[in-house]
Each structure stands twice: as structure tokens, then as C-alpha cells.
Amino acid sequence: MLEQFKKYIQQQNFFSDSGKILLAVSGGIDSMVMVHLFHESKIKFGIAHCNFQLRGRESDADKKFVKKLTASLNISFHSKNFNTKTFAKEKNISIQMAARDLRYEFFDEIVSEHKYDLIAIAHNADDSAETVLLNLIRGTGIAGYHGILSKNRKLFRPLLFASRADILKYAKKNKITWREDSSNLSDQYLRNKIRLKIIPELKNINPSILSSFQNHISQMSEVESLYREYIIKLKEELLEKKGNEIYINIQSLNKHAGVPSLLFELLKDFGFNSEVTKDIYDSLQAQPGKRFLSDSHRLIKDREHLILTEKNQTDEEEFEITADLHSVSWKQNKLYIRKITLTSDLKEKILSGDTKDKNITYLDEGIIQFPLMIRKWAKGDYFYPLGMKGKKRLSDYFIDKKMAVSEKEKIWLLTSANDIVWVIGEQIDNRYKIRDDSADCLQLIFEKT
């Protein structure tokens with residue numbers, strides 16, 4: 001097995017001869033065999049041990065065992081105790097996920113501080129097969145079918161070539177001692193159920209099941225590489241950036257095969273999971289206007305496009321304008337407020353409709369009540385559009401203007417005493433217009449910064 005180990009290290013080109021490696025060692029059989037193989041191969045290494053304090057005295061005994069090993073080998077020892085249960089509760093995650101996050105954060109700290117090149121994890125071929133089955137059960141998609149990667153950034157796994165039986169045989173032959181983790185015998189966790197019940201049954205059906213899995217994993221890794229190259233090209237083709245928004249043309253999307261899977265690949269980087277992506281796919285033939293949310297983004301189904309926007313660009317907020325303010329800035333917008341003299345020439349110009357810039361408007365200051373508010377429009381909002389006697393719902397006004405959903409998302413309102421005074425950049429309310437008998441004027445200038 002030692003020669004197989006050396007050959008696998010060389011084939012995978014994990015590190016150079018001068019590399020300094022940090023070994024993650026729990027004290028179990030896999031990590032203890034890994035230490036022996038590195039030592040026999042005369043590779044420079046140090047050891048890191050995590051005490052998650054989940055098994056009381058047993059966890060403390062594991063730490064003492066690994067520390068004694070490092071002393072006998074005269075190598076660096078790095079260890080840390082974690083309050084894993086508290087961390088899991090605070091982050092609202094599982095114990096397993098908490099241990100994983102704590103472990104890798106600790107390893108990164110050691111690598112940075114002590115200048116290690118890579119971190120070696122003692123996963124074996126059985127672990128990789130279990131991972132494939134676990135991912136099949138959970139439905140993780142194509143990325144879950146390649147098992148455990150031999151290398152991922154600074155992590156590498158030098159024992160993936162060996163089965164658990166190979167490792168046990170090597171340990172006994174070389175009189176290697178190890179600690180048994182009692183939690184590995186519990187079927188409380190799904191992985192343990194696969195390890196203790198499903199894998200043995202599969203081995204009864206096919207004694208060469210691990211070899212079959214390794215062949216499958218190798219093939220799926222190649223398939224995934226081709227798949228990823230194809231997805232990268234489609235992302236370049238289908239994701240169109242316009243300012244702070246990203247557009248996906250629905251007609252162009254539907255020209256491709258496997259639209260549900262393609263849509264998931266396009267949207268997963270924006271925080272949308274497979275369940276929400278399925279709902280988005282189901283909405284492609286529906287009426288425009290439906291919205292979908294991830295933790296970071298909002299997606300709107302428009303007539304011809306799916307439109308992605310970061311949440312913090314469209315969060316609904318309110319901004320107050322007091323009588324003494326001359327300007328207000330919000331998001332990427334700015335509004336100037338000026339009290340100006342309403343001369344006869346200006347009044348005539350306004351009344352004749354000779355002020356055509358929609359971003360500049362004039363209001364009767366005598367009617368305005370401060371403070372004014374700037375806010376997003378909401379369902380049920382209505383106003384009295386200039387030139388009309390009756391009121392109109394904003395939603396109907398937008399339909400008449402043939403506004404796209406993305407345009408409506410950018411609309412802001414100026415209100416006074418809860419009345420809509422101005423649909424900013426669009427239309428003022430008829431009740432606040434300049435009249436023949438108006439004495440004072442408020443000029444508003446809207447700018448997008």
C-alpha cells in the first residue's frame with residue numbers, strides 16, 4: 001500500500017517535493033494510517049486535531065492520543081477545543097455542519113499562520129462511494145455524482161485510492177494503533193446508515209462495488225468537466241447585464257434542451273435553490289409580474305425576460321423631506337427642492353404645458369404639507385393624473401404606459417399627507433398642479449446619480 005500511496009501522490013501531482021503538509025488527524029484508523037504513510041514517505045508534515053467536545057472524556061482521550069503521537073514523531077502539533085453544540089445552535093445548523101465549518105476555519109488559520117502548503121484529509125474510497133449514494137438520496141444534481149474530489153483548493157485526499165479494508169489490512173500489518181469513534185457505530189446519521197446497512201448489502205450483490213463506484217466517479221468527473229464548459233458558454237450567451245440588472249431572454253432560454261436544469265445552473269449563483277428554480281420554470285408561460293426571492297436577489301418574470309436584481313437595490317424604504325431641506329439623496333437618486341418666485345412668464349409656461357422635461361416639475365407650494373416622503377409604490381396606490389378629473393390606480397397607469405415590470409420596480413413616489421404628489425419622473429397629481437390663482441411655486445428636479 002505504501003507504493004500505491006506514493007504512486008497516487010505522483011499521479012495526482014498534489015504537491016512538490018518541498019511541500020509542507022498539514023495532516024488532519026482525528027486519531028481514527030484512516031488518519032493514523034495516513035500519518036504512517038507520510039512518515040514512511042519522508043514527506044514534511046505537521047498535525048492538526050479538532051476536539052469538538054461531543055463525546056466527553058472520549059473526545060479528550062482522542063486529543064491526548066494524537067498529541068502523544070506527535071511527540072513520538074517530533075513534529076508540530078496544532079489543536080483546538082470547540083463548543084460545537086453551542087455554535088450549531090447559534091448558527092441554526094446541524095452538529096455535523098457546525099463541526100465541518102469549525103474544522104475548516106481552524107485549518108485555514110493554521111495554514112496561514114504556519115505557512116503550510118496544503119491540508120491532507122484521510123477520506124478513502126468507501127467514503128467517496130457513500131458520498132455518491134448520499135447525494136443521490138438528497139438529489140444534489142450532477143455535481144454530487146463525482147463523489148469526493150481528490151483535490152479542492154488547499155484540501156487534498158491522498159487515500160482515495162484505498163478501500164477501508166485495504167486501510168485496515170495495512171494498519172494491522174504495520175501494528176498501527178488507533179482510536180475508535182463510538183459515534184461511527186450509531187445509525188443516527190444518514191451517512192452511517194449508508195455505511196452500516198446499504199454498502200454491506202451492495203457488496204453482497206456485487207463484491208467489486210467499490211471498484212464500480214470508482215469507475216463511475218472517474219467517468220462522472222469527466223462528464224461534469226464537459227458539462228461545466230458548456231454551462232459557462234451558455235451563461236455568456238444568456239446572462240445579459242444592463243446596469244445593475246441581469247436579463248435572461250425567455251425565448252432564447254427556451255431554444256435550449258433541458259431548460260429546467262439549465263435554469264438552475266443560471267440562477268444558483270444568485271442564491272436560488274432547485275425548488276424555487278422549478279417554480280420559476282413553471283412561471284415561464286404565465287402572465288408577467290411574478291416575483292421570486294433568494295437571500296441575495298429578486299427575480300421578476302417580465303413579458304420577455306427574467307430580470308435579476310440585488311435585493312439591496314430594490315428594498316422598500318422611506319425618505320423624509322422637511323421644509324428646510326434643499327435636496328435629498330437615496331439609492332442612486334437625488335431630488336432638489338427649490339422654492340422659486342412664480343413669475344407671470346413661468347406661470348404661463350407651466351400652464352401651457354411648455355415644460356417637457358419629465359424630471360423637472362412644478363407644484364403649488366400653498367397646498368403642499370411638509371414633511372414630504374419619498375417611497376416605493378405599493379399595490380392599491382392611486383392618484384389623480386394631471387389633466388384628469390378622476391383618480392387612477394398606479395397599476396392601471398403603468399399598464400396604459402406599457403411599462404415593463406423592471407421599469408415599475410424603479411418607480412418612486414413623492415407624497416404629502418399620504419397623497420401622491422408626484423410619480424417621480426412620470427406625472428404629477430392634478431390636485432397639486434400650478435393654477436391661475438397659485439401664488440407660490442415649488443420646483444422639483446430629479447436626477448439619477
Side-chain angles (χ1 to χ4, degrees), residues 1-15 21 23-41 43 45 62 69 96 100 118-138 140 144-152 155-187 189-222 224:
M1 186 172 166
L2 178 60
E3 293 307 312
Q4 287 179 288
F5 171 78
K6 291 178 180 178
K7 184 178 180 182
Y8 186 67
I9 292 287
Q10 188 177 22
Q11 286 176 339
Q12 297 294 318
N13 193 26
F14 286 133
F15 53 86
I21 311 302
L23 307 190
V25 180
S26 65
I29 185 171
D30 298 332
S31 60
M32 292 302 290
V33 165
M34 180 172 70
V35 170
H36 191 274
L37 290 168
F38 269 83
H39 182 67
E40 291 297 308
S41 301
I43 300 170
F45 68 94
D62 289 346
L69 168 70
Q96 288 174 304
R100 181 186 182 280
L118 292 170
I119 305 161
I121 310 292
H123 287 132
N124 57 50
D126 290 65
D127 293 321
S128 192
E130 291 161 10
T131 298
V132 173
L133 290 172
L134 194 63
N135 290 337
L136 282 169
I137 292 168
R138 289 174 174 167
T140 55
Y145 301 154
H146 58 47
I148 300 174
L149 295 174
S150 61
K151 187 175 182 181
N152 185 16
L155 296 175
F156 76 105
R157 299 169 173 89
L159 297 189
L160 282 182
F161 71 93
S163 68
R164 196 165 286 131
D166 294 332
I167 290 169
L168 178 59
K169 183 178 178 181
Y170 183 84
K172 289 181 176 179
K173 180 180 178 180
N174 290 277
K175 297 182 173 56
I176 298 170
T177 56
W178 67 89
R179 296 272 304 168
E180 289 287 359
D181 183 342
S182 59
S183 66
N184 287 336
L185 301 176
S186 169
D187 62 2
Y189 303 115
L190 179 55
R191 179 178 286 276
N192 281 2
K193 288 181 181 179
I194 292 171
R195 176 178 299 166
L196 300 172
K197 296 180 179 180
I198 297 176
I199 292 289
E201 189 61 33
L202 289 174
K203 286 181 178 178
N204 288 335
I205 298 170
N206 177 11
S208 303
I209 190 68
L210 284 184
S211 177
S212 298
F213 266 112
Q214 285 176 315
N215 290 335
H216 164 81
I217 288 166
S218 177
Q219 291 169 0
M220 287 308 300
S221 294
E222 294 173 3
E224 188 189 7

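Source: prediction; values computed, not measured.
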Review point. Listed by chain and number, what are the salt bridge (charged side-chain N to carboxylate O under 4.0 Å, His left out) partners of D127, not counting sequence neighbours?
Key: R164, R195
Review point. With sequence neighbours excluded, what pairs up with S41 under the side chain to side chain donor-acceptor pair (under 3.5 Å) test?
Key: none
Check your understanding: How about Q10: does its CD atom have over 12 heavy atoms from other parts shown lying under 6.0 Å from it?
Key -> no
Review point. Which is it for W178 and D30 under the side-chain contact (heavy atoms from CB on, under 4.5 Å) test, yes or no, and what are the steps along the way?
Key: CA-CA 9 Å; W178 67 89; D30 298 332; over 6 Å; no
Revision key, fill the gap. Taken in chain and number order and not counting sequence neighbours, the residues that satisfy side chain to side chain contact (heavy atoms under 4.5 Å, CB included) with K203 are D126, I199, I209, L210
Practice item. Would you please name every residue forming a side chain to side chain donor-acceptor pair (under 3.5 Å) with N206, sequence neighbours left out? Key: S212
Practice item. Tell me, with the steps shown, if K151 and N13 meet side-chain contact (heavy atoms from CB on, under 4.5 Å). Key: CA-CA 10 Å; K151 187 175 182 181; N13 193 26; over 6 Å; no
Review point. Taking C-beta and beyond as the side chain, do K6 and E3 meet within less than 4.5 Å on heavy atoms?
Key: yes
Check your understanding: With sequence neighbours left out, what residues match S31 under side chain to side chain contact (heavy atoms under 4.5 Å, CB included)?
Key -> V25, S26, A122
Review point. Okay, side chain of R157, backbone of L149: is any donor-acceptor separation there less than 3.5 Å?
Key: yes
Check your understanding: Do you know which two heavy atoms are closest between L2 and Y170, and how far apart they sit?
Key -> N-CE1, 4.2 Å
**Study point:** Contact summary for A24 and M34, nearest pair of heavy atoms
**Key:** O-CE, 3.7 Å
Check your understanding: Considering residues at least two apart in sequence or located in another chain, which fulfil the salt bridge (charged side-chain N to carboxylate O under 4.0 Å, His left out) criterion with R179?
Key -> D62
Exercise for review: Mind listing the closest non-hydrogen atom pair of F45 and L23 along with its distance?
Suggested key: CD1-CD1, 3.5 Å
Point to revise | Test ring pair (Phe, Tyr, Trp, His ring centres under 6.0 Å) applied to Y8 - qualifying residues, sequence neighbours left out | key: F14, F161
Review point. So do the side chains of N124 and D166 get within less than 4.5 Å of each other, counting heavy atoms only?
Key: no
Check your understanding: How would you list, by chain and number, every residue that makes a side chain to side chain donor-acceptor pair (under 3.5 Å) with E40, sequence neighbours excluded?
Key -> none
Point to revise | Residues forming a side chain to side chain contact (heavy atoms under 4.5 Å, CB included) with Q96, sequence neighbours excluded | key: S94, Y189
Check your understanding: So L69 and M32, side-chain contact (heavy atoms from CB on, under 4.5 Å) or not? Walk me through it.
Key -> CA-CA 9 Å; L69 168 70; M32 292 302 290; 3.5 Å; yes
**Study point:** Residues in side chain to side chain donor-acceptor pair (under 3.5 Å) contact with S128, at least two apart in sequence or another chain
**Key:** none
Practice item. Would you check, one step at a time, whether the test side-chain contact (heavy atoms from CB on, under 4.5 Å) holds for I167 with M1? Key: CA-CA 8 Å; I167 290 169; M1 186 172 166; 3.8 Å; yes
Point to revise | Residues in side chain to side chain contact (heavy atoms under 4.5 Å, CB included) contact with T131, at least two apart in sequence or another chain | key: N135, I148, R191
